[in-house]
2 protein chains.
Amino acid sequence: MLVEIDFNSDEAIYIQLRNQIFVAIATSQLKEGESLPSVRALADKIGVNMHTVNKAYSTLRQDGFLKVDRRRGAVVAVDIDKLDSMAKMKAYLRPLIARGICKGLSKEEVKGIVDQLYDELS
Amino acid sequence: MLVEIDFNSDEAIYIQLRNQIFVAIATSQLKEGESLPSVRALADKIGVNMHTVNKAYSTLRQDGFLKVDRRRGAVVAVDIDKLDSMAKMKAYLRPLIARGICKGLSKEEVKGIVDQLYDELS
DNA sequence: TAATTGTTATACTTATGATATAACAACTAT
DNA sequence: ATAGTTGTTATATCATAAGTATAACAATTA
């Protein structure tokens with residue numbers, strides 16, 4: 001699992017890290033039941049503080065992407081709640097779609113991008 | 001144009017304001033060429049500081065949604081750059097789609113939500 | 001026993017969001 | 001001409017969040 005942090009980004013490090021773990025799980029680079037690097041190991045690898053990685057792991061656990069097994073560390077364990085996931089997706093998407101409509105993007109163009117991303121990410 | 005700010009939200013006030021202006025423009029509650037309330041008037045209306053509204057207006061101007069006419073104040077003027085808008089949409093969408101894939105959302109389900117939002121917002 | 005796991009606690013620095021005045025040039029209305 | 005309003009800029013202050021730095025804990029592993 002490769003990690004690339006942009007320290008000049010306006011996005012928080014733990015958010016960048018979380019997003020890349022999203023991608024890794026989606027693309028099966030990280031598979032269900034697989035262990036993630038320890039917070040200390042990953043922090044050392046990407047050159048940030050342990051707590052920054054721990055924050056990413058904690059939010060991922062809280063949002064149902066990881067579980068902590070005392071003997072195996074942080075393990076990929078995706079909790080599926082379709083209705084909740086659909087509701088969250090819609091809430092996250094609303095301002096983005098509104099922005100796109102303002103900029104003249106058609107429904108078909110946006111759905112084309114969704115197609116592209118599904119191809120790239122699964 | 002109605003504005004609703006949630007002061008307990010984790011989203012910054014100027015971001016909430018910006019998102020609602022996105023929606024207002026998309027739904028033609030705010031039409032091309034139409035003037036927005038002055039920063040002071042809107043700040044007073046929703047009970048926040050002038051600079052908070054100014055920050056929302058500034059980012060909207062910088063992102064090509066408003067222009068400033070000295071005699072008419074902030075005016076809706078959407079700058080259309082299809083390629084740039086598509087690229088930004090894709091960049092914003094990537095982590096969301098990755099998250100959705102992890103949670104088992106199908107391509108069709110996500111595109112269904114896009115359809116719903118286009119119906120609601122245009 | 002020694003080392004590693006996630007986690008928690010405390011403390012510090014830095015960056016950002018929000019507020020508070022104040023002022024400026026450009027424009028509008030009286 | 002005067003007074004008021006426009007977006008904008010400049011400072012300053014406060015609160016919160018992000019990130020760093022040590023340290024410690026119970027549970028597990030080698």
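Below, chain A is the first sequence line, B the second, and so on; all start at residue 1. What's counted below: heavy atoms across the whole structure, side chains too, no hydrogens, waters or symmetry copies.
With a 6.0 Å radius and a threshold of 12 heavy atoms from other residues, nucleotides or ligands, K90(A) has its NZ atom above the threshold. Annotation for Q62(A): atom CD does not count as buried by contact number, only 12 or fewer foreign heavy atoms lying within 6.0 Å.
The CG atom of L36(B) sits 19 Å away from the P atom of dT5(D) (whole-angstrom rounding). Rounded to a whole Å, the CG atom of L66(B) is 15 Å from the C1' atom of dT6(D). Rounded to a whole Å, the CG atom of D10(A) is 11 Å from the P atom of dG19(D). Taking atom CG of L42(A) as the reference point, atom P of dT20(D) lies 12 Å away to the nearest angstrom.
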Protein and nucleotides 28-30 of chain D: nitrogen or oxygen contacts under 3.5 angstrom:
none

Taking N or O atoms only and anything under 3.5 Å, show me the protein contacts with nucleotides 17-19 of chain C, one pair per line.
unit_1: dG17(C); atom_1: OP1; unit_2: Y14(B); atom_2: OH; d: 3.0
unit_1: dG17(C); atom_1: OP2; unit_2: K55(B); atom_2: NZ; d: 2.4
unit_1: dA18(C); atom_1: OP1; unit_2: I13(B); atom_2: N; d: 2.4
unit_1: dT19(C); atom_1: OP2; unit_2: N49(B); atom_2: N; d: 2.9
unit_1: dT19(C); atom_1: OP2; unit_2: T52(B); atom_2: OG1; d: 2.6

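Between R61(A) and the phosphate of dT7(C), there is a side-chain N or O to OP1/OP2 separation shorter than 4.0 Å. Close to dT5(C), at under 4.0 Å from its OP1 or OP2, lies a side-chain N or O of S38(A).
Between the base of dT22(D) and the side chain of R40(A) there is no donor-acceptor pair shorter than 3.5 Å.
As judged by a 4.0 angstrom heavy-atom cut-off over every strand, N54(B) is placed among the base-contacting residues.
K103(B) and E109(B) are not joined by a salt bridge, as no carboxylate oxygen comes within less than 4.0 angstrom of a charged side-chain nitrogen. Here K111(A) does not pair with E108(B) in a salt bridge; the nearest charged N to carboxylate O distance is not below 4.0 Å. A salt bridge links K88(B) with D84(B): the closest approach of a Lys/Arg side-chain nitrogen to an acidic carboxylate oxygen falls below 4.0 angstrom.
The side chain to side chain contact (heavy atoms under 4.5 Å, CB included) test with R99(B) singles out one residue from V23(A), I25(A), L121(A), D63(A), and that residue is D63(A).
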